[in-house]
Asker: 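Sharing a structure here in structure tokens format.
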Amino acid sequence: MLTTRPRGTNDILPGEVEKWQFIENEARKVSRDFGYQEIRTPIFEHTELFLRGVGETTDIVEKEMYSFFDRGKRNITLRPEGTASTVRAFLENKLFAEPQPTKMYYIGPMFRYDRPQAGRYRQFHQYGVEVFGSHHPSVDAEVIGLACTYLEKLGLSGIKVHINTVGCPECRPQHHVNLLKYFEDKKDKLCNTCQDRMAKNPLRILDCKNSTCQEISISAPTTESSACSECKGHFQQVLNYLEILEVNYLVDPKLVRGLDYYTHTAFEILVQGIGAQSAICGGGRYNGLIEQCGGKPMPGIGFAMGLERLLLTLNNEKVNLTGLLSNPEIYIAVTSPKAQELSFRLAMELRKKGISTEKDYFEKSLKAQMKAADRFDVKFTLILGEEELANNKIIVKEMATSEQKEIPIDDILSYLERGLLKND
RNA sequence: GUGGGUGUGGCGAAGUGGUCAACGCACCGGAUUGUGGCUCCGGCAUUCGUGGGUUCAAACCCCAUCACUCACCCCA
């Protein structure tokens, strides 16, 4: 073999691709039901979009971007997430001039240079939604409710939403101060990375997996406790709306998100049994992002769902995704070279009528062709040979019952149409 | 970037120094002359990720390298 697929990428093969089509179609349906329209943005953007949009100090920007110079010496990056591109398209195409809010969704590949592991790939796929233009807490709840509805429609039960408020530019500095004050005298006990986090981003100490760090964090000041009254109020209302939607949520004071742009509401949907990467959906509010990208101040909120992780979960939960495969309905077996042309034309006519039809491509024995027909699990096998050709007839064998009849060739189309209708 | 595990035919998998590299599944062919699903028979790796070394002899030992995989960081 010349080479293999690049590390962290996957071929989605026949048999698997039907599942993708299914979950993508369901995403489109649910999005439409909630009033979201699809947007398709380029898979690569100018690097500066992500530098500003995602945040210079995030891991994504610092070590995970697929960036390169194109032949025109432009600095280009394969998109690592969907929100920045959506905001850019919103501004560039002046969608803000339309009636607000703007509710959009996207489905497509994203790229991050990570070490692959279960549920993490260098090219992965996300279904995401974004709402621009409204601060209203019901929007936060709607977006979360949309994610839950989608997952439930796919057959996942017991969805649990973890939710928190990460504050706003007004109160976040105060929270940092409170955290630093709290951790100051305990610094020696923290793990090395958390000691670094003291300086860089003390918020992240809260979700460190080191057990002593966790113990220390238990009684750390929560974001909610340091939140300003506006943030608190917003958060309470979001929770209230979630209850109206009967969304099963858990306030998780330790939930923080790694992207710089989040404000107020942050949430994740976690599942078990698919490895260490258990968040299949993450999102939150980003009220500063549109302005950050050069627009007028305008609030926004959204989520992104990892489709590989979703598929892993559906698989793990034994959600039935079978029956998505479509087998041919008819197999045409040919036993005489003379019958080849007629059978070929017949196959084409059936296909044009919307009757999916398979045939042999090797001039195999009838036995072998019957075997193939059986494997395709067709309803009828047509047999065409010298005798049939001579009599202007064709044998129709119903595979399930093994019954077979001779039908005049001229009547075969209508005969099959009736026969296929009978059991559908 | 760091650490662990694994690499034998299309897939699963035995074999840990000494004839032809088990077996199962899948695939292909056949079991009297034109018919599937069961059964039976036959076929299917000059070769054990790759390169080098040790040895009379290596899939099995050593070194290197690559790939896959899981985990950390972080995220979907």
Asker: Dot-bracket, 5' to 3', for RNA chain B please: Watson-Crick or G-U pairs under 3.5 Å, [ ] where pairs cross earlier ones, | where the partner sits on another strand, dots elsewhere.
Answerer: ((((((((.[[[..)..(....]]].(((((.......))))).....[[[[[..)....]]]]])))))))....
Asker: With heavy atoms under 4.0 Å as the rule, sort A:Q277 into base, sugar-phosphate or nothing.
Answerer: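 Result for A:Q277 = base.
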Asker: Can a salt bridge be assigned to the pair A:E16 and A:K19 using a cut-off of 4.0 Å between side-chain N and carboxylate O?
Answerer: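 Yes.
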Asker: For atom C1', what is the distance between B:C11 and B:A57, given to the nearest Å?
Answerer: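 32 Å, rounded to whole Å.
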Asker: Mind running a 4.0 Å heavy-atom check of residues 268-275 of chain A against RNA chain B and sending the residues that fall below it, in number order?
Answerer: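 Under 4.0 Å from RNA chain B: A:G275.
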Asker: Taking the side chain of A:R7 as heavy atoms from C-beta outward, which of B:C68, B:G34, B:C73 is closest to it?
Answerer: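 Of the candidates, B:C68 comes closest.
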Asker: Heavy atoms only, 4.0 Å cut-off, all strands: where does A:A333 land among base, sugar-phosphate and nothing?
Answerer: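 Answer is nothing: A:A333 stays at 4.0 Å or more from every strand.
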Asker: Could you check which of B:U69, B:A76, B:A31 has an atom nearest any side-chain atom of A:R5?
Answerer: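 Closest nucleotide among those given: B:U69.
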Asker: Just checking A:A373: base, sugar-phosphate only, or nothing, at a heavy-atom cut-off of under 4.0 Å?
Answerer: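 Contact class for A:A373: none.
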Asker: Salt-bridge test for A:K405 and A:E403: reply yes if a basic N is under 4.0 Å from a carboxylate O, no otherwise.
Answerer: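 No, no charged N to carboxylate O under 4.0 Å.
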Asker: Heavy atoms only, 4.0 Å cut-off, all strands: where does A:E387 land among base, sugar-phosphate and nothing?
Answerer: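 Touches a base.
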Asker: Can you check whether any acceptor in the base of B:U35 is under 3.5 Å from a donor in the side chain of A:K397, or vice versa?
Answerer: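 In this structure, the two groups form a donor-acceptor pair.
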Asker: If you check the A:K364 side chain, which of B:U35, B:G29, B:A76 turns out closest?
Answerer: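 The answer is B:G29.
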Asker: Please work out if A:E388 contacts a base, only the sugar-phosphate, or nothing of the nucleic acid, heavy-atom cut-off 4.0 Å.
Answerer: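 Base, at least one base atom sits under 4.0 Å.
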Asker: Within the structure shown, what part of the strands sits under 4.0 Å from A:I280 by heavy-atom distance: base, sugar-phosphate, or nothing?
Answerer: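 Answer is sugar-phosphate: A:I280 comes under 4.0 Å of backbone atoms only.
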Asker: With sugar-phosphate meaning primed atoms plus P, OP1 and OP2, does A:Y121 contact a base, only sugar-phosphate, or nothing at under 4.0 Å between heavy atoms?
Answerer: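 Contact class for A:Y121: base.
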Asker: By the 4.0 Å heavy-atom rule, please label A:Q404 as base, sugar-phosphate, or nothing.
Answerer: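 The answer is base, as A:Q404 lies within the cut-off (heavy atoms under 4.0 Å) of a base atom.
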Asker: Do A:Y127 and A:Y150 have ring centres separated by under 6.0 Å?
Answerer: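 Between A:Y127 and A:Y150, the centre distance is under 6.0 Å.
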Asker: Base, sugar-phosphate alone, or nothing: which one does A:I60 contact when heavy atoms must sit under 4.0 Å apart?
Answerer: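 Here A:I60 touches no strand at all.
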